[in-house]
Asker: 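What follows is a single structure, and I will ask about it in a moment.
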Amino acid sequence: MNLPNKLTVFRIILIPIFIILTVMPEVGGSVWWLGTPIAITKIWGAVVFAIASITDFLDGQIARRQHLVTNFGKFADPIADKMLVMSAFIILVSMKMAPAWVVAIIVCRELAVSGLRLIIVENEGEVLAAAMPGKIKTFSQMFAIIFLLLNNLFANYLHFGPGTVLLYVCLFFTIYSGIDYFYQNRSIFADSFKTKASGKTNGSESV
């Protein structure tokens, strides 16, 4: 198993550890950090999430630069990413740190784009690399989760919750990048619309 795949497996292993740390009772109490009370378990959860997010960046970079792309990596890397992020958002909803409707939109977008990618691969097409809106979505998503896990750290100094602001930035770019991705790959559905149009034309001519 090459290094990128090892990093992906490591990230998958970190997911249940992250879940346990963030949902378990607040063992060890909490600390005040920059005027914000934060549970010790949530700090460790945020650290694990940050490490897992870094491996998500590294495995893709190493695989592309060293030509180590494998079928396992193509399958496991996006799955691990979605498992990590969706787990984090579901936990944040249960903690009442993120609105359920925002998370629902983000999850629906991720599932829709993942489905589109599968169709592209089945049609032997080339999956487009993430454009800038998608990259902004990913980074704002990662930092939103970390700040929300840390109880909106810096909120007392900034007079607003940075995690909450980043969450809505993430929501905007989630919707925008999703629409853009479907638009860029609209040719995938061209045959379906042509067939339907053709059927209508044939029907009208036979009347």
Side-chain angles (χ1 to χ4, degrees), residues 4-5 7-19 22-23 45-46 48-61 63-64 69 71-123 125-149 163-186 188-189:
N5 288 344
L7 288 171
T8 300
V9 171
F10 178 60
R11 182 162 74 259
I12 293 173
I13 294 172
L14 287 178
I15 293 171
I17 297 173
F18 164 74
I19 294 172
T22 50
V23 302
V48 171
F49 180 85
I51 293 171
S53 298
I54 292 170
T55 65
D56 182 34
F57 171 77
L58 290 177
D59 60 8
Q61 291 292 318
R64 285 187 291 271
V69 178
N71 287 332
F72 175 80
K74 291 178 182 178
F75 166 77
D77 180 55
I79 293 294
D81 177 41
K82 301 299 182 290
M83 289 169 61
L84 175 67
V85 170
M86 290 183 185
S87 297
F89 275 128
I90 291 169
I91 290 168
L92 288 171
V93 170
S94 70
M95 293 166 55
K96 302 188 184 304
M97 293 297 293
W101 67 270
V102 172
V103 173
I105 291 173
I106 293 172
V107 170
C108 288
R109 182 269 189 197
E110 297 296 342
L111 293 175
V113 170
S114 296
L116 178 58
R117 283 175 176 160
L118 286 175
I119 295 174
I120 294 170
V121 172
E122 286 178 359
N123 285 272
E126 182 179 354
V127 177
L128 297 176
M132 186 54 66
K135 292 179 180 178
I136 296 173
K137 183 268 299 182
T138 300
F139 279 101
S140 60
Q141 182 175 267
M142 179 180 70
F143 284 106
I145 290 171
I146 291 173
F147 274 107
L148 289 172
L149 286 172
T164 304
V165 172
L166 286 168
L167 179 64
Y168 285 103
V169 171
C170 167
L171 175 65
F172 173 81
F173 282 100
T174 292
I175 297 171
Y176 180 84
S177 62
I179 293 172
D180 180 63
Y181 197 82
F182 270 84
Y183 179 78
Q184 295 295 330
N185 292 282
R186 63 191 182 279
I188 291 293
F189 304 103

Asker: Would you indicate whether the side-chain heavy atoms of Ile106 and Phe89 approach each other to under 4.5 Å?
Answerer: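 Heavy-atom side-chain distance check passes, below 4.5 Å.
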Asker: Compare all side-chain heavy atoms of Phe49 with those of Ser87 and state whether any distance is below 4.5 angstrom.
Answerer: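 They are not in contact (no side-chain heavy atoms under 4.5 Å apart), so the answer is no.
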Asker: If the condition is side chain to side chain donor-acceptor pair (under 3.5 Å), which residues does Ser140 pass it with, not counting sequence neighbours?
Answerer: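 Ser140: no side chain to side chain donor-acceptor pair (under 3.5 Å) contacts found.
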Asker: Please step through side-chain contact (heavy atoms from CB on, under 4.5 Å) for the pair Asp59 and Asn5, ending with a clear verdict.
Answerer: CA-CA 7 Å; Asp59 60 8; Asn5 288 344; over 6 Å; no
Asker: Please examine the side chains of Leu116 and Asn185, heavy atoms only from C-beta on, and report whether any two atoms are closer than 4.5 Å.
Answerer: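 Yes, side chains in contact.
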Asker: Ile146 and Ala50: which non-hydrogen atoms are nearest, and at how many Å?
Answerer: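 Residues Ile146 and Ala50, closest heavy atoms: CD1-CB, 4.0 Å.
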Asker: Which heavy atom of Ala144 sits nearest a heavy atom of Gly163, and at what distance?
Answerer: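 In this case the closest contact between Ala144 and Gly163 is CB-O, 3.8 Å.
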Asker: Salt bridge check, Asp77 against Arg11: does any charged N sit closer than 4.0 Å to a carboxylate O?
Answerer: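 Judged by the 4.0 Å cut-off on N to carboxylate O distance, Arg11 and Asp77 do form a salt bridge.
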Asker: Taking atom CZ of Phe182 as the centre, report whether more than 12 heavy atoms of other residues, nucleotides or ligands fall under 6.0 Å from it.
Answerer: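 Correct, the count exceeds 12.
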Asker: Taking all non-hydrogen atoms of both residues, which atom of Met83 and which atom of Ile15 are closest, and how far apart?
Answerer: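 Closest pair (atom of Met83, atom of Ile15, distance): CB-CD1, 3.7 Å.
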Asker: Rounded at 0.5 Å granularity, tell me how far CG in Asp81 sits from CE in Met86.
Answerer: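 Separation between the atoms: 9.0 Å.
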Asker: With heavy-atom distances below 4.5 Å as the criterion, would you say the side chains of Phe10 and Ile51 are in contact?
Answerer: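 Result yes, sub-4.5 Å side-chain heavy-atom pair found.
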Asker: Drop me the distance from Ile179's CD1 to Thr174's OG1, to the nearest 0.5 angstrom.
Answerer: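 Nearest 0.5 Å value for the CD1-OG1 distance: 11.0 Å.
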Asker: Looking only at non-hydrogen atoms, find the nearest pair between Gly45 and Thr22 and report the distance.
Answerer: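 Nearest heavy atoms, Gly45 then Thr22: CA-CG2, 4.0 Å.
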Asker: With a 4.5 Å cut-off on side-chain heavy atoms, are Val85 and Gln141 touching?
Answerer: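 Side chain of Gln141 against side chain of Val85, heavy atoms only: contact under 4.5 Å found.
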Asker: With heavy-atom distances below 4.5 Å as the criterion, would you say the side chains of Tyr176 and Ile136 are in contact?
Answerer: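 No - every pair of side-chain heavy atoms lies 4.5 Å or more apart.
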Asker: To the nearest 0.5 Å, what is the distance between OG on Ser53 and CG on Leu58?
Answerer: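 Separation between the atoms: 11.0 Å.
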Asker: What heavy-atom pair brings Ala52 and Leu84 nearest, and what distance separates the two atoms?
Answerer: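 Answer, listing the atom of Ala52 first, then Leu84: CB-CD2, 3.6 Å.
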Asker: Within this structure, what is the CG-CG distance for the pair Leu14 and Asp56, rounded to the nearest 0.5 Å?
Answerer: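 Rounded to the nearest 0.5 Å, the CG-CG separation comes to 11.5 Å.
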Asker: Within the structure provided, determine whether Leu167 and Val102 are in side-chain contact (heavy-atom separation under 4.5 Å).
Answerer: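 Answer yes - side chains close enough.
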Asker: Please confirm whether Arg109 makes a cation-pi placement over Tyr181, using NZ or CZ under 6.0 Å from the six-membered ring centre and within 45° of the ring normal.
Answerer: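 No; the conditions do not both hold, so Arg109 does not lie above the ring face of Tyr181.
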Asker: Can you tell me how far CZ of Phe139 sits from CZ of Phe57, rounded to the nearest 0.5 angstrom?
Answerer: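 Interatomic distance, Phe57 CZ to Phe139 CZ, rounded to 0.5 Å: 6.0 Å.
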Asker: Would the distance check show the side chain of Arg186 and the main-chain N or O of Tyr183 forming a donor-acceptor pair, the cut-off being under 3.5 Å?
Answerer: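 The answer is yes, because a donor-acceptor pair under 3.5 Å joins these two groups.
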Asker: Any side-chain heavy atom of Thr55 within less than 4.5 Å of one from Thr8?
Answerer: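 SC-SC contact between Thr55 and Thr8 ruled out.
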Asker: Considering all heavy atoms of both residues, which atom of Ala46 and which atom of Leu149 are nearest to each other, and what is their separation?
Answerer: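 For Ala46 versus Leu149, the nearest heavy atoms are CA-CD1, 4.0 Å.
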